[in-house]
Undergrad: 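What follows is a structure written as structure tokens; I'll ask about it next.
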There are 2 protein chains.
Amino acid sequence: MSQNEFQSQEVVSSLEQGLARDGFRLTRARHVVLTAMVELGHPFSTGELEQAVARVDGSVGRASVYRTLALMESRGLVEKLHRSGQEHYTLCLKAEHHHHVTCVQCGRTREFALKDNIDLLSTVDGLARGLGYLPRSHVLEVYGVCPACQKLAGPHA
Amino acid sequence: MSQNEFQSQEVVSSLEQGLARDGFRLTRARHVVLTAMVELGHPFSTGELEQAVARVDGSVGRASVYRTLALMESRGLVEKLHRSGQEHYTLCLKAEHHHHVTCVQCGRTREFALKDNIDLLSTVDGLARGLGYLPRSHVLEVYGVCPACQKLAGPHA
DNA sequence: CAACAATTGATACGGGGTATCAATAGAGGG
DNA sequence: CCCTCTATTGATACCCCGTATCAATTGTTG
């Protein structure tokens with residue numbers, strides 16, 4: 001646990017360094033929101049984020065939660081997940097283009113890149129070209145049961 | 001144009017027949033909302049749908065617009081599109097599992113299935129398995145410039 | 001046509017997210 | 001270390017979207 005807290009703080013300060021590098025100020029509010037995001041450790045709704053922030057520091061205003069969320073999203077460090085009933089957001093630690101596998105039971109996500117699978121990436125583009133489109137981008141989200149939840153459920157998953 | 005209107009009415013009544021088959025009543029409100037959806041002919045936000053409905057028949061209540069939208073969505077005849085800044089919905093005419101290509105310029109969508117591309121489909125599942133997940137479902141949305149918009153833009157697209 | 005239930009429109013409500021704005025507090029220079 | 005300048009903040013009010021409610025209406029079935 002203290003191990004986890006240690007890692008969390010490292011993640012938070014690396015995010016903060018990124019902000020500072022681009023001329024954003026390191027403020028108490030941002031620190032608190034980032035800490036809350038990292039400590040949640042899994043995709044969160046805006047409501048969950050608000051609660052987590054309040055737990056860390058009740059003096060941070062609601063508006064700052066949304067402002068920081070928007071800031072991180074605009075920098076590609078937080079992404080919206082699709083197909084969850086309610087919109088959820090997740091921290092992205094990989095810089096490059098990537099996708100998510102979301103566990104339909106515990107809700108945790110895992111990032112993956114397609115570099116090992118160049119076929120897939122080029123197939124998606126090729127598919128668009130086959131329809132006469134000029135490919136620009138795509139969204140691919142995968143849903144399944146993660147290894148941990150499979151174990152919990154027993155062999156008849 | 002009257003050709004289009006004729007086709008629109010056919011689509012609307014085929015949707016209505018589906019509803020009737022399952023015991024839903026054919027009401028004025030539903031007819032108006034479906035007509036508005038079909039006549040929009042491209043992905044729409046809820047606001048656009050409200051406006052279109054009002055244009056067709058101003059006496060239809062706001063609640064019924066949302067009720068009909070939810071009904072169609074629950075039947076898989078309308079799907080939410082992802083990654084649009086604002087949520088958008090689109091009519092789905094294909095029954096089977098399919099995806100959308102959305103033009104980033106005109107916003108129109110086109111459905112496509114992966115049957116010609118079984119590789120891709122099984123690759124996505126295989127990819128999840130490779131990470132230890134039990135694949136359940138996925139979202140794939142493709143964005144690009146459609147043939148018509150490419151022509152408009154000239155050869156330097 | 002009668003009767004029953006599904007559906008509707010109007011209304012009010014709630015919650016999420018934002019615009020506003022005076023007050024605060026970073027960051028950098030002296 | 002303090003000063004200044006401006007980004008950022010917290011509080012508030014506000015707006016808008018979607019929904020719960022409910023009496024009135026309208027499909028449908030027999």
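Below, chains carry the letters A, B, ... as their sequence lines are ordered, and counting in each starts from 1. The figures that follow rest on heavy atoms only: side chains count, while hydrogens, waters and symmetry mates do not. Please read these numbers as outputs of a predicted model, since none were measured by experiment.
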Undergrad: Please verify the inter-ring angle class for B:H97 with B:H138; under 30° counts as parallel, over 60° as perpendicular, anything in between as tilted.
TA: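 Rings of B:H97 and B:H138: perpendicular, over 60°.
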Undergrad: What are the atom names and distances for every N/O pair under 3.5 Å that joins the protein to nucleotides 1-3 of chain D?
TA:
none

Undergrad: Testing the basics here: between A:T102 and B:Y133, what is the closest heavy-atom pair and its distance to 0.1 Å?
TA: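 Smallest heavy-atom distance, with atoms named: C-CE2, 4.5 Å.
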Undergrad: Take the protein atom CD of B:Q17 and the nucleotide atom P of D:dG27, then report the distance between them rounded to whole Å.
TA: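 Result: 18 Å.
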Undergrad: Going by heavy atoms in the side chains, are A:H82 and B:E141 under 4.5 Å from each other?
TA: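 Not in contact.
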Undergrad: Using a 3.5 Å cut-off and no angle test, enumerate the donor-acceptor pairs between side-chain atoms of residues 64-72 of chain B and protein atoms at least two apart in sequence or in another chain.
TA:
unit_1: B:S64; atom_1: OG; unit_2: B:R67; atom_2: NH2; d: 3.4
unit_1: B:Y66; atom_1: OH; unit_2: B:E50; atom_2: OE2; d: 2.7
unit_1: B:T68; atom_1: OG1; unit_2: B:S64; atom_2: O; d: 2.8

Undergrad: Which heavy-atom pair separates B:L131 from A:P147 by the least distance, and what is that distance?
TA: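 The pair with the smallest heavy-atom distance is O-CG, 4.0 Å.
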Undergrad: I need the full list of ring-ring contact (aromatic ring centres under 6.0 Å, His included) pairs touching residues 39-58 of chain A, with sequence neighbours left out, sorted by first then second residue.
TA: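 Every pair satisfying ring-ring contact (aromatic ring centres under 6.0 Å, His included) with a residue in residues 39-58 of chain A: there are none.
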Undergrad: Considering only heavy atoms, which members of residues 28-41 of chain A lie under 4.0 Å from some atom of DNA chain D?
TA: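 Close to the strand are A:A29, A:R30.
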Undergrad: Between A:C92 and A:H100, which heavy-atom pair has the shortest distance, and what is it?
TA: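 Smallest heavy-atom distance, with atoms named: SG-NE2, 3.9 Å.
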Undergrad: Heavy-atom distance under 4.5 Å between the side chains of B:V11 and B:L34, does that happen here?
TA: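 Side-chain contact under 4.5 Å: no.
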Undergrad: What bend angle does the helix from C:dC1-D:dG30 to C:dG30-D:dC1 show across its length, from five-pair end axes and to the nearest 10 degrees?
TA: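 One end axis against the other gives 40°.
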Undergrad: Let me spell it out: for each of B:Q86 and B:L26, pick the nucleotide of DNA chain D with the closest heavy atom. Which residue's pick is nearer the 5' end?
TA: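 The residue closer to the strand's 5' end, by nearest nucleotide, is B:Q86.
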Undergrad: Tell me the closest heavy-atom pair linking A:C149 and A:Q105, and the distance in Å.
TA: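 Minimum heavy-atom separation between A:C149 and A:Q105: CB-OE1, 3.7 Å.
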Undergrad: According to salt bridge (charged side-chain N to carboxylate O under 4.0 Å, His left out), who are the partners of B:R129, at least two apart in sequence or on a separate chain?
TA: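 Listed in chain order: nothing, the list is empty.
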Undergrad: Among all residues two or more places apart in sequence or in another chain, which pass the salt bridge (charged side-chain N to carboxylate O under 4.0 Å, His left out) test with A:R55?
TA: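 Once residues adjacent in sequence are excluded, A:R55 has no partner under the salt bridge (charged side-chain N to carboxylate O under 4.0 Å, His left out) criterion.
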Undergrad: Which residues satisfy the side-chain hydrogen bond (donor to acceptor under 3.5 Å, both in side chains) test with B:R75, sequence neighbours excluded?
TA: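 Applying side-chain hydrogen bond (donor to acceptor under 3.5 Å, both in side chains) to B:R75 gives B:D22.
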Undergrad: Going by number, which of residues 48-66 of chain A have a non-hydrogen atom under 4.0 Å from DNA chain C?
TA: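 Residues of residues 48-66 of chain A that come under 4.0 Å of DNA chain C are, in numerical order, A:R62, A:Y66.
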Undergrad: What distance separates B:C103 SG from B:Y143 OH, expressed to the nearest 0.5 Å?
TA: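 Answer rounded to 0.5 Å: 12.0 Å.
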Undergrad: Between NE2 of B:H88 and CG of B:L49, what distance do you get to the nearest 0.5 Å?
TA: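 With rounding to 0.5 Å, NE2 (B:H88) is 11.0 Å from CG (B:L49).
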Undergrad: Would you say the side chain of B:E73 lies within less than 4.5 Å of the side chain of B:Y89, judging by non-hydrogen atoms?
TA: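 Result yes, sub-4.5 Å side-chain heavy-atom pair found.
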Undergrad: Under the side-chain hydrogen bond (donor to acceptor under 3.5 Å, both in side chains) test, which residues partner A:E16, sequence neighbours left out?
TA: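 side-chain hydrogen bond (donor to acceptor under 3.5 Å, both in side chains) list for A:E16, sorted by chain: A:H31.
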Undergrad: Does the side chain of A:T27 get closer than 4.0 angstrom to OP1 or OP2 of D:dT9 through an N or O atom?
TA: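 Checking D:dT9 against A:T27, a side-chain N or O does come within under 4.0 Å of OP1 or OP2.
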Undergrad: Reading DNA chain C 5' to 3', which nucleotide is the first, and which the last, to come under 4.0 Å of any heavy atom in chain A?
TA: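 Both ends considered, the range comes out as C:dG16 to C:dA27.
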Undergrad: Between the protein and nucleotides 4-6 of chain D, list every N/O to N/O distance that falls short of 3.5 Å.
TA:
unit_1: D:dT6; atom_1: O2; unit_2: A:R25; atom_2: NH1; d: 3.3
unit_1: D:dT6; atom_1: O2; unit_2: A:R25; atom_2: NH2; d: 3.1

Undergrad: Linking I/L/V/M/F/W/Y whenever any side-chain heavy atoms sit under 4.5 Å apart, do B:V38 and B:L81 land together?
TA: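 Not linked; separate clusters.
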Undergrad: Using every non-hydrogen atom in the two residues, find where B:L91 and B:E111 come nearest and quote the distance to one decimal.
TA: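 Minimum heavy-atom contact is O-OE2, 3.6 Å.
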